[in-house]
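Following: one structure in structure tokens, then a few remarks.
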There are 2 protein chains.
Amino acid sequence: MPKPPSLQDVANAAGLSPATVSRYLNGSLNLPPATAERIDRAIAALDYKPNPHARRLSRGKSDTIGLVIPEIDNPFFAKLAAAAEREAEAAGLALMLFSSLNRRERELDYLEKLRRNFVDGLIFATNSRASEDLASVINDLKNVVVIDEDIDGVTAPRVFSDNDTGGVLAARCFIENGHTRFAFIGGPEDIMSTRERLAGFRRVIDGAKSGATLNASYFGSYSVEFGRTATARLLDEHPDVTALFVGADEILFGALETMRGRGMTAGRELSVITFDDAGPLAFFDPPITAVRQPIEEIGRTAVNVLRRLIEGSEVEPVTHLPVELVVRRSVRRLS
Amino acid sequence: MPKPPSLQDVANAAGLSPATVSRYLNGSLNLPPATAERIDRAIAALDYKPNPHARRLSRGKSDTIGLVIPEIDNPFFAKLAAAAEREAEAAGLALMLFSSLNRRERELDYLEKLRRNFVDGLIFATNSRASEDLASVINDLKNVVVIDEDIDGVTAPRVFSDNDTGGVLAARCFIENGHTRFAFIGGPEDIMSTRERLAGFRRVIDGAKSGATLNASYFGSYSVEFGRTATARLLDEHPDVTALFVGADEILFGALETMRGRGMTAGRELSVITFDDAGPLAFFDPPITAVRQPIEEIGRTAVNVLRRLIEGSEVEPVTHLPVELVVRRSVRRLS
DNA sequence: ATGCATTTGTAAATCGCTTTACCGGCTGGT
DNA sequence: ACCAGCCGGTAAAGCGATTTACAAATGCAT
């Protein structure tokens, strides 16, 4: 286990000083071909690779960005992370994944890492109730881009899905299939994604000629459990509803369970559209119609915005990425 | 954006030397309460946090381990990563996620990072065909633990699922339900997971009194596409088979698609058991019976083995973690 | 030959922390 | 009174790069 060669070793081997080699390597020095050749050969011979810790300490930069997400173990964020990583890698950046478990303390911790230049920038997603303190910490930092869910009072660049349009697409799909009595089961009532999805959904319903009505809406959390209970309530309280729009895959899962428990099938007794389309909904039976978030696109865009932020370019303060309705077979054609 | 305080600053504020503060912080010096108090206060006042790059450079350690997986975007590895991260975090270690996309060159890159002490250790999972060169690189390193899939010729500690028992459980479940004609659709023929799953499956079938037979087995890759085509072949070539054991969730997805295309339902015309249970199989219709891999346990165990490896303790050369049959409703009771 | 840029290159400080090697002073035993 | 040993603490040498400031050598025009 011999020690890896240092810049010094390379310099010795090439008969030069470390400074020269360093500057050559970093492009801040043009060397005559002969000298360059000597260095290249020395590097190859020794199999030299710069020590990243030393380099970071010295430069105060790490060529690494961080991605803070609630949980890796969530298809939505897993896909997001995969796309972000690929984009980062293509840009010569390393991507560190931090999972906050939605705990404020951990979120702050990661932001702190940014401040210490542990990473050069941070892509930040949170599901926890936005709070003033979080916003102010983020605003004190530069090189943060917020994604997926808004944080009140944050001035950093943000990248979101077009949630409102998602609601619109869902409502239209139901209406085109003849539905008139609707329900919505969303996530937390006070967060942007829930509000916007519902807003779009409701606007279309209210504007429909057919006398469509939004008979019920339930708010809770993006969890299977909430999907289960809210759907049970819905079925009890509004048995006449024929079209259900749920705010996330997890809620869908719970809804399907409850429905199945009552002998109901999506697309038969109750039509269902979900939001996200991160899980393998195409393999469900029936396949579930969904508003698909541009997950990969969010990841890639966030990385690119962050890159521009880091290099000091202008960036759009907020970008909305288009969603798409993926029609499968969970919406029944009425009449 | 003032510069963060350094150890020097703390030392000055406390009227001590940096060395003293450092040693106090690292526990290599016991100070009288009065002095300790001074340091603590200085730290609090300045909001000092050690610079990780400097610390790493100095110590040649990073308190960080890496997890190399083919893709974050795969529920199996996502869960594994989540569990590993939690365990690492509990042990005061950071976890860096590296995704190799199953490309040898990237795998080697990450191993190189380990050699440069960029991380203190590596948990390594690959699905690509094991090759001699990979094994030899790994064997040259210490502090690597290999998981999930074996790599020929590797001497590093390894952590696997008990694949063989998984096959046994699946076969028994089918047999108990009266099935006698079986098929297996696995992953790549020459990798450990496929071989062992099939081995256990076949052994039980061959040993059954009921004259059970394994009528067909197909090998390909762990992908939806392969599941689709292999199932089509199965249905064409062996329409009399009633019990299908598939080697992974992805294959299951493909199988379900093909079946649905032919108007067949799991647990009715064809009984199905899958391996992994990483996806939301409970929400499928019908819910799919599966051999569940102890994914989280693999992650946690790998972290702990690696920790012991790093600190130089003895570790088991290979550990097999128990799988479990999760009975749902995709296996029909015959007769 | 002279003067002036360029080219080619180096010395040395720096980043922030860890760690080794010491040191002066006090306590207590004899 | 003297030595041993401990206590409380420091100086200084790294760790492996980057970077600034400067120097020697070369080229080139006059």
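Lettering of chains follows the sequences in order, A, B, ..., and the numbering in each one begins at 1. As the structure is a computational prediction, the values presented were derived from the model and not from experiment.
At a threshold of 4.0 Å, the pair A:Glu37-A:Arg41 counts as salt-bridged, since one of the basic side-chain nitrogens sits closer than that to a carboxylate oxygen. We find that B:Glu112 and B:Arg116 are joined by a salt bridge, their nearest charged nitrogen and carboxylate oxygen being less than 4.0 Å apart. A salt bridge is absent between B:Glu316 and B:Arg158: the closest approach of a Lys/Arg side-chain nitrogen to an acidic carboxylate oxygen does not fall below 4.0 angstrom. The pair A:Glu89-B:Arg106 counts as a salt bridge, with a side-chain nitrogen and a carboxylate oxygen less than 4.0 angstrom apart.
When the side-chain nitrogen and oxygen atoms of B:Ser58 are compared with OP1 and OP2 of C:dG16, none of them lie within a distance under 4.0 Å.
To the nearest angstrom, P of C:dT19 lies 12 Å from CG of B:Leu25. The nearest whole Å value for the distance from the CG atom in B:Asn117 to the C1' atom in C:dT18 is 16 Å. Atom NZ of B:Lys61 and atom P of C:dG16 are 24 Å apart (whole Å). Here the C1' atom of nucleotide D:dC15 and the CZ atom of B:Arg116 are 14 Å apart, to the nearest Å. Rounded to whole angstrom, the span from the CZ atom of A:Phe118 across to the C1' atom of C:dG16 amounts to 15 Å. Note: OH (A:Tyr24) to C1' (C:dT10) measures 18 Å, nearest angstrom. One interatomic measurement links the two molecules: CD of B:Gln8 to P of C:dT14, which rounds to 12 Å at whole-angstrom precision. Atom CG of B:Asn26 and atom P of D:dG9 are 17 Å apart (whole Å).
Heavy atoms of A:Ser6 sit under 4.0 angstrom from primed sugar atoms or phosphate atoms, though from no base atom.
Which of D:dG9, C:dG9, D:dT18 sits closest to the side chain of B:Leu16 comes down to D:dG9. The B:Thr20 side chain lies nearest to D:dG9 when the options are C:dC15, C:dT10, D:dG9. Distance from the side chain of A:Arg59 is smallest to D:dT18 among C:dG9, D:dG14, D:dT18. Distance from the side chain of A:Ser17 is smallest to C:dA11 among C:dA11, D:dT10, D:dG16.
Between B:His320 and B:Phe160, the two ring planes are tilted [angle within 30° to 60°]. Note on ring orientation: taking the six-membered ring where Trp is involved, the planes of B:Phe118 and A:His53 are parallel (angle under 30°, cut-offs 30° and 60°).
A donor-acceptor contact closer than 3.5 angstrom is absent between the side chains of A:Thr126 and A:Arg104. In summary, the side chains of A:Arg23 and A:Asn26 do not present any donor paired with an acceptor at a separation below 3.5 Å, with no hydrogens or angles considered.
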Between the protein and nucleotides 20-24 of chain C, list the N/O to N/O atom pairs that are separated by less than 3.5 angstrom.
| from | atom 1 | to | atom 2 | distance (Å) |
| --- | --- | --- | --- | --- |
| C:dA21 | N6 | B:Arg23 | NH1 | 3.4 |

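Residues from residues 45-57 of chain A with heavy atoms under 4.0 angstrom of DNA chain C, sorted by number: A:Leu57.
Screening A:Ile39, A:Asp47, A:Leu46 against A:Ile43 for a side chain to side chain contact (heavy atoms under 4.5 Å, CB included) leaves a single residue, A:Ile39.
Contact of A:Thr35 with C:dG9 (side chain to base): no donor-acceptor pair of N or O atoms is detected under 3.5 Å.
Comparing A:Pro18 and A:Asn30 by the nucleotide of DNA chain C that holds the closest heavy atom to each, the one mapping nearer the 5' end is A:Asn30.
A distance-only check finds no donor-acceptor pair linking the side chain of B:Ser58 to the backbone of B:Ala54 [under 3.5 Å].
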